[in-house]
2 protein chains.
Amino acid sequence: MLETWSLRVLVEVAERGSFSAAANALTMTQPAVSRQIAALEHRVGVALFRRVPRGVAPTAAGTIAIDEARAILGRLAGMEARLGAFAELRTGLVRVSAFPSANTEFVPEAIRRFSDLYPGVDVSLVVGGWRAIRSGDVDVALVTDWDRVDDDGVALVPLLEEEHRVALPAEHRLAGLTTVPLRELRGETWIEGSHPDCLGPLEGLEKALGGPPRIGFTCDDWTGKQALVAAGMGVTIISTLAGSAVRPDVALRPASPALPRRHVLAAVAPPATRTAAASAMLIVLTTLAAGYH
Amino acid sequence: MLETWSLRVLVEVAERGSFSAAANALTMTQPAVSRQIAALEHRVGVALFRRVPRGVAPTAAGTIAIDEARAILGRLAGMEARLGAFAELRTGLVRVSAFPSANTEFVPEAIRRFSDLYPGVDVSLVVGGWRAIRSGDVDVALVTDWDRVDDDGVALVPLLEEEHRVALPAEHRLAGLTTVPLRELRGETWIEGSHPDCLGPLEGLEKALGGPPRIGFTCDDWTGKQALVAAGMGVTIISTLAGSAVRPDVALRPASPALPRRHVLAAVAPPATRTAAASAMLIVLTTLAAGYH
DNA sequence: GAGGAGGTATACGTTCGACGCATGCTGGAG
DNA sequence: CTCCAGCATGCGTCGAACGTATACCTCCTC
């Protein structure tokens, strides 16, 4: 099967013009080179070098073999370079999945920083969720501690804690307060998301209200929730991660008693099987999260 | 240096989808494949396969590696094929050198037969002589036993014996005889070649003539010798190998006593360093010579 | 012409890498 | 819940390739 090393020796012999010189250049001995070439010639059934007094000279077949060998070795080097680009993050792909509020500001900023650091690596924002980590369809998934991530094949890295705000129509009677007492919202219609990612049933809310919230709508679409609030159809709770992405006709106010915080974590493959790009993205995420108060 | 076998294992794994299946296909064991891929991945610093329940699936880098590996293996096969063409005489070059009279009929016929048998092999008629066998500039050199081939690095293969004829002008007074008595030519002017290849001083001629021949011209050019004879400038001796190539205004006649025969041999490199094309040409030469009476 | 220098081929002992076997581990299927 | 398919790893073994030593050859020089 014509091993690569033979080709390397072949080219070196061709360039040096003698087995001895090639052996020196390759940090091996002359007999080793002699045997390599002899084995190669026996393999292909054709003499590749004529043994001349001062060394060796390629035959017609040898010239072809040398050219081919050069091309093949070049191709091999190219292959190594292309793969090395992955290892050195000069190319590649990292697929990120996040819940809606993280996608409003935090994740885009992380992607921006990542792309500055590694311009060659593509970043793709996908919808796989943390379960896709196992299957390899997602490299980094942002989750919260409300997600029941019970797969020990998925590593969790804490990023930050997000707080929650009550989202009111801008003209709501309580919108002028800096802090909204929750019990004042007992009679309001509430908008919930059915999926934990989308801020579903908030634990502790019932107790703070002094009774079960009256659920008027269920909407997983984060933009839709905002729209419903702006239209005066109800109130809801929105994560501070949403940041400045909230539309101006919706007011965000801290609640009293304070709403429970939610931990945001990055779900990634365990270090052993983790992509270099995923590790890099994880670092970007953690450093970015450290900048969040 | 990324050995070929790794690439072979790589593509086999890619095609089978599992280490075990690839191991079967390659008549090796699953652990061996596992180690090969692991070493390859460690070498390039990138995971090439994701380990999935039913086997393995290539990563992005793995896909590139597989494509490259396929291309490189194909190129390697191509190289082997191109070199194999030399071994199987589907291409190549054989350089033949011969003395002038052999070039008139014998060698051209041999080349014709050779080219019929091996259309891909180029045949080149060169002027190196038997000394060029050693240097590799000539593959087969036709020589006679008058050549002092004293190099044991050159093998000699007997081909045939050539006879000699006296060459007379067609209107010569003796041209009508079927056999020319040499002593009748005592007074003639003789044309000799200085080089043995060109029929130089003929041993025994002096004794047959009853005295030293009177040398009028020395001409190494075989055509020139004929022309001189035709012009009536003298007589000479020409090998029967010249055959029908002798011009019609020159008569060839056997001499009495018979002129000494000359052995024609093929000088080639010893079998160890002999080209396949040279061996093939040698066979053609010997079979062709066997047909000569 | 004898000897030295430079180069290749071969014999022999050794070493190191790759393999096979056995085993453990994991994830999905019945 | 058990079984099975498949990958990873430890261990002992074997062989391929290497290095050392040496023979042989050619050319060059004195």
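Any value given below was found using the heavy atoms of this structure, including those in side chains, with hydrogens, waters and symmetry copies removed. For clarity, every value in this text was computed on a predicted model and none was experimentally measured. Sequence lines set the chain letters: A, B, ... in the order given, protein chains first and strands last, and positions in each chain run from 1.
- Nucleotide D:dG6 holds its P atom 17 Å from the CE atom of B:Met28, rounded to whole Å.
- Taking all atoms of both residues into account, the shortest heavy-atom contact from B:Asp139 to B:Ala278 is CB-CB, 4.1 Å.
- The minimum heavy-atom distance linking A:Ser97 with A:Gly128 is given by the pair OG-N, 3.8 Å.
- A:Arg95 pairs in a side-chain contact (heavy atoms from CB on, under 4.5 Å) with only one of the listed residues (A:Thr275, A:Leu125, A:Val126, A:Ile133), which is A:Val126.
- Between A:Ser20 and the phosphate of C:dT8, there is a side-chain N or O to OP1/OP2 separation shorter than 4.0 Å.
- Distance, B:Glu41 CD to D:dC7 P: 12 Å, rounded to whole Å.
- Remark: P of C:dG20 and CZ of B:Phe19 are 15 Å apart, rounded to the nearest angstrom.
- Taking only side-chain nitrogens and oxygens, B:Ser34 comes nearer than 4.0 Å to OP1 or OP2 of D:dA8.
- In this structure, A:Ile37 atom CD1 and D:dA17 atom C1' are separated by 14 Å, rounded to whole Å.
- Atom CD of A:Glu3 and atom C1' of C:dG17 are 13 Å apart (whole Å).
- Between the CG atom of A:Asn24 and the P atom of C:dG6 there is a distance of 13 Å, rounded to whole Å.
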Next item on the list: Kindly indicate, with the supporting measurements, whether the criterion side-chain contact (heavy atoms from CB on, under 4.5 Å) is fulfilled by B:Thr59 and A:Phe86.
Entry: CA-CA 11 Å; B:Thr59 63; A:Phe86 279 88; over 6 Å; no

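- Taking a 6.0 Å sphere around CZ of A:Arg54, one finds it holds 12 or fewer heavy atoms contributed by other residues, nucleotides or ligands.
- Taking both residues in full, the closest heavy atoms of A:Leu142 and A:Ala98 are given as CB-CB, 3.8 Å, listed atom of the first, atom of the second, then distance.
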Margin query: One character per nucleotide, please: for nucleotides 20-30 of chain D, 5' to 3', B when the base has a protein heavy atom closer than 4.0 Å, S when only the sugar-phosphate does, - otherwise.
Written below: BB----SS---

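- Across all their heavy atoms, A:Ser239 and A:Ser101 have their closest contact at CB-OG, 4.0 Å.
- Atom-to-atom, CD of A:Gln36 to P of D:dA17 comes out at 7 Å; the value is rounded to the nearest Å.
- Considering only side-chain N and O atoms, A:Trp5 lies under 4.0 angstrom from the phosphate OP1 or OP2 of D:dC18.
- The CZ atom of B:Phe49 sits 11 Å away from the P atom of D:dC7 (whole-angstrom rounding).
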